[in-house]
Amino acid sequence: AMGGVDDYLALGATPNLQFSDAHLDSSGITVTAWVYITSSPSNEPILQIGRSGTNHYYGLLCKLNASGKPQMHGFGLNGGTAGAGVNNRRTRVTSSYVVPNATWVHIAWVFDGGVASTTNAANWKIIVNGVDQTTSNSGTNVNLTLNYSGDSFIGQDGRTSAQYYGAGFIGDVTVHNMVLSASAIAEKLGGGSPLVDGLDWLQPAGTYTVAMAQSLVGWWRMGDNSVYPTINDDGPKNEYPAAMTNMVAGDIVTTPLWSP
């Protein structure tokens with residue numbers, strides 16, 4: 001459980017999660033998480049890869065925006081220069097879907113294409129409960145190059161000033177080093193309502209193929225076999241355990257149960 005004030009999970013340096021533009025262009029990556037918001041959503045960070053700097057300068061960020069819509073950013077250098085404006089980022093956001101309060105929602109942010117791609121993030125996708133969402137994008141600077149600088153976080157956006165923190169529950173965060181389709185995610189979730197929790201992302205199932213299962217590079221299950229103050233990385237390499245920061249043992253919770 002996160003209070004939205006100053007608590008988050010610190011992953012430290014995560015070089016094997018800092019994928020290049022070339023990798024995003026050739027294979028893409030997918031970030032997924034269960035999210036349960038306990039107040040009106042407002043800039044709720046879920047996963048930041050490669051600290052975003054003073055004001056969103058670096059890395060990849062998956063979040064809910066100020067309106068509670070799932071959103072994804074890729075930050076980089078504009079002609080070699082860092083900055084916080086639209087010329088230093090690619091952004092994709094759901095056009096109408098807003099995450100409701102007090103409801104478990106499964107969200108996937110699919111980075112299919114690099115931030116410097118001429119497609120301008122047109123192939124990036126946001127999938128909610130296994131369903132592709134209509135999205136819009138911003139940022140068309142062809143001189144933009146993806147850049148990372150610093151650590152990664154769950155529930156914190158990595159800014160060095162005026163940070164945002166998640167308020168509510170975040171569960172079962174994963175990073176795959178390839179694109180996952182909506183159909184594969186839907187089948188993994190159970191193929192309909194009610195969705196299932198306790199997913200084993202290392203096990204293929206139907207259209208969630210062996211290759212997809214083997215593409216898992218980070219997996220924070222949020223409680224299973226974890227003991228305060230550390231949340232295990234249950235990915236195949238167990239590379240990046242998360243340090244519970246400004247949190248207590250009681251923040252590892254088993255309720256509310258994951259279901260929509």
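Just so it is clear, the structure is predicted and the values come from calculations on it, not from any experiment. Residue numbers count from 1 along this sequence.
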Has [X] got a side-chain atom pairing as donor or acceptor with [Y]'s backbone, closer than 3.5 angstrom?
| X | Y | value |
| --- | --- | --- |
| Thr209 | Thr207 | no |
| Gln48 | Tyr58 | yes |
| Arg89 | His73 | no |
| Tyr240 | Gly235 | no |
| Asn88 | Gly76 | yes |
| Asp21 | Leu146 | yes |
| Ser152 | Gly50 | yes |
| Asn137 | Ala122 | no |
| His23 | Gly28 | yes |
| Ser226 | Asn232 | yes |

- Message: Before you tell me yes or no, could you show the steps for Val175 and Leu47 under side chain to side chain contact (heavy atoms under 4.5 Å, CB included), namely the whole-Å CA-CA distance, both residues' side-chain angles and the distance that decides it to 0.1 Å?
- Response: CA-CA 10 Å; Val175 180; Leu47 176 65; 3.7 Å; yes
Do [X] and [Y] come within less than 4.5 Å of each other through their side chains, counting heavy atoms only?
| X | Y | result |
| --- | --- | --- |
| Asp151 | Leu11 | no |
| Leu64 | Ile107 | yes |
| Phe153 | Leu61 | no |
| Asp157 | Lys63 | no |
| Val105 | Tyr97 | yes |

Give the minimum heavy-atom separation between [X] and [Y], together with the two atoms involved.
| X | Y | answer |
| --- | --- | --- |
| Met222 | Ile170 | CG-O, 3.2 Å |
| Tyr148 | Leu17 | OH-O, 4.5 Å |
| Asn177 | Ser27 | O-CB, 3.9 Å |
| Gln156 | Tyr8 | CB-CB, 3.5 Å |
| Ser215 | Met178 | OG-CG, 3.3 Å |
| Asp233 | Val217 | OD2-O, 4.3 Å |

Starting at [atom1] of [X], measure out to [atom2] of [Y] and round the result to the nearest 0.5 Å.
| X | Y | atom1 | atom2 | result |
| --- | --- | --- | --- | --- |
| Ile231 | Met244 | CD1 | CE | 5.0 Å |
| Leu60 | Phe111 | CG | CZ | 4.5 Å |
| Ile29 | Cys62 | CD1 | SG | 7.0 Å |
| Phe75 | Asn147 | CZ | CG | 12.5 Å |
| Leu199 | Arg221 | CG | CZ | 9.5 Å |
| Thr135 | Asn123 | OG1 | CG | 10.0 Å |

- Query: Where do Val99 and Val128 land on the side chain to side chain contact (heavy atoms under 4.5 Å, CB included) test, with the steps shown first?
  - Reply: CA-CA 9 Å; Val99 172; Val128 177; over 6 Å; no
- Query: Can you check side chain to side chain contact (heavy atoms under 4.5 Å, CB included) on Lys188 and Leu180, steps first, answer last?
  - Reply: CA-CA 11 Å; Lys188 192 64 178 171; Leu180 299 186; over 6 Å; no
- Under the side chain to side chain contact (heavy atoms under 4.5 Å, CB included) criterion, do Trp220 and Leu9 qualify, and how do the steps go? CA-CA 10 Å; Trp220 299 270; Leu9 300 179; 5.7 Å; no
- Task: Run the numbers on Trp201 and Asp172 for side-chain hydrogen bond (donor to acceptor under 3.5 Å, both in side chains), then give the verdict.
- Result: CA-CA 9 Å; Trp201 290 99; Asp172 213 35; 2.9 Å; yes
- Answer with yes or no whether the side chains of Thr94 and Gln133 bring together a donor and an acceptor at under 3.5 Å.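 There is no such pair (donor and acceptor under 3.5 Å, judged by atom type) between the side chains of Gln133 and Thr94.
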- Query: Parallel, tilted or perpendicular: which fits the ring planes of Trp104 and Tyr36, with parallel below 30° and perpendicular above 60°?
  - Reply: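 If you compare the ring of Trp104 with that of Tyr36, the planes turn out tilted.
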